[in-house]
Amino acid sequence: MTVMFERRATRLIHVGKVPVGGGTPITVQSMTTTKTADVEGTLQQIYALAAAGCDIVRCTCNEAEVAEGLAQIVPRSPIPVIADIHHQYKMALAAMEAGVHGLRLNPGNIRRPEHIKAVAAEAKARALPIRIGVNGGSLDPALYEKYGGIAPEAMVESALQEIAFFEEVDFHDYKISVKASNVPLMVEAYRQLSEVTDAPLHLGVTEAGPPPAGLVKATAGIATLLLEGIGDTIRYSLTADPVEEARAGRQLLESLGLRERKNVDLIACPSCGRAEVDVIDVATRAMKAFGDREIPLQVAVMGCVVNGPGEAREADLGIAAGNKRGHLFVKGRNVAVVREEDMVDALVEWAEFIHEHGVDAAIARADTTLAEREAAKDRSALLAEKGADANHATERIVEIRRTVGE
Ligand code: SF4
C-alpha cells in the first residue's frame, strides 16, 4: 500500500529548467566546497553532485574573480547553478551577469533597502528566482534585540521584511528558508512561515555538523516538516563531502516516498543469534558494490535462511545465509544457491538482470524447484542445529526467574 502525504500548496517557480513548488517533485540541493574561481575543480564537484542525486547546486560568489568563474561554470554545469551572496549586493549583480540560474540572498547580511531592491529589480528583468535565505546565526541585530535572541518569530519577520522590499519592485519569484542549527527552533520557524506565505520553502538545518550526528539532526528537522506537508526543496548542511549531502537528501525523499527511487534501497536484518554470516560485512560490501548505480530495486541482505526470505519477502531481490551458502530469492521465491564468498557478486548480477529484464524473467531463468529444495535442506539443518530459540531467550528467562526468586 502506498501512503501519500498531503503537501501544502505553494507557488511554482523555476530555477533554470528545474521546477520548485506548485506540487512538483521535491528537489535536492547542495553547495560546492571548492573555490568557485577554480572552474575545473568546481565543475568536477558539480558533476559528482549531480550523479549523487543533486538537482540544483549553489556556489559562493564573493568576489569579481568568482563571478568570472561562474560565467564559465554555468554553461557547462549539468544542473542549474545558484550564486550564494552575503555582504556585497554587487556580487549579486555580477553573478546575474555571469548567467546564474538564481540567487540566494541573506537578509541579515545585505540590509540596505536600495541594494535589496536593485538586486530584485535586476532579477525580475532577467526572470531569475531568488531565495531569501534567513539564517538564525546571522539574523539582523535589530530583530535579534527585538525578540531577545534567535526566535522563530524573528526569523519569519526577517523573511517578511525582505519580501516587502521585493514586492515594492513587483518581484515575486522567490523562495524562502529560515534555517537554524537548533532543530525544534528551525521546525517552529518553518511552521510559522508556512502560515503566512505561499512561496515555496527551502528546508535545512544549518551547520548540522559531521555525520552521523549531522545526518540525524538534519533528518529530524527536514523529515518532520516534510511529513507535515511543508517544504519544496531541501538541503543537508553537513560537514562532509557535499556528495554525502546530495545522497542523503535523495535518500530521505525516496524513503518518504516523495521521489521515485533512483538507486538500490538496501535493507538488511539487524542480525541475531541465528545469523550464519557477518551481516554487517556483507551489507557494507553490497552497499559499496551498488554505489550510486541507477538500479531502482529494493535489495535485502539477511543473516539466515530460517527467517530471512520470509521477513524480506517484499524485497525485489535478496540473499540469506545458511550452511556456508547464500540463498538468493526474488520476491520471496528461492531462485539460486551460491557460495558464501560469492554472495555480493551474485546480488549485483541478479539485480542487473532484474533491472534489465524484470522480476518474471528472473524467476523464469531460475531452477526454482532446485533452489527451494536446497533452501529447505539448509533451513531444517539450521533448525536442527540451533533449535527454535536461537537467541537462547528461554534459557535467559529461566535464569532471570531464578535470580529474582533468590
Ligand atoms: S532471524 Fe535471521 S534474518 Fe532475522 S535477524 Fe536473525 S539472522 Fe537476521
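Atoms within a ligand are numbered from 1 in the order they appear, just like the ligands themselves. Residue indices begin at 1 and follow the sequence shown.
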Can you report which non-hydrogen protein atom sits closest to [atom], along with the distance?
atom	answer
atom 6 (Fe) of ligand 1	Cys272 SG, 2.2 Å
atom 1 (S) of ligand 1	Asn307 ND2, 3.2 Å
atom 2 (Fe) of ligand 1	Cys304 SG, 2.3 Å

*Classify the ring geometry between His115 and Tyr89 as parallel (under 30°), tilted (30 to 60°) or perpendicular (over 60°).*
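Answer is parallel, since the angle falls under 30°.
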*Go through ligand 1 atom by atom and flag the ones less than 4.0 Å from a non-hydrogen atom of Ala275.*
7 (S)
*Can you list the atoms of ligand 1 that are under 4.0 Å from a heavy atom of Gly308?*
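So the answer, numbered in order with elements, is 3 (S).
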*asked:* Tell me whether Arg365 forms a cation-pi arrangement with Phe353, defined as NZ or CZ under 6.0 Å from the six-membered ring centre and within 45 degrees of its axis.
replied: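 Flagged: Arg365 positioned over aromatic ring of Phe353.
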_Region of Glu311 engaging ligand 1 - heavy atom pairs below 4.0 Å_ = side chain
*Is any N, O or S atom of Cys269 under 2.8 Å away from atom 6 (Fe) of ligand 1?*
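Checking atom 6 (Fe) of ligand 1 against Cys269, no N, O or S atom falls under 2.8 Å.
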*So, do Leu103 and Arg131 sit near enough that their side-chain heavy atoms are less than 4.5 Å apart?*
no
*Side-chain heavy-atom pair Ile13, Lys175 within 4.5 angstrom cut-off*: yes
*State, without any angle test, whether Glu195 and Tyr190 hold a side-chain donor-acceptor pair at a distance under 3.5 Å.*
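No, no side-chain donor-acceptor pair sits under 3.5 Å.
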*asked:* So does Ala393 get a backbone contact from the side chain of Asp389, meaning a donor-acceptor N/O pair under 3.5 Å?
replied: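 A pair under 3.5 Å: yes.
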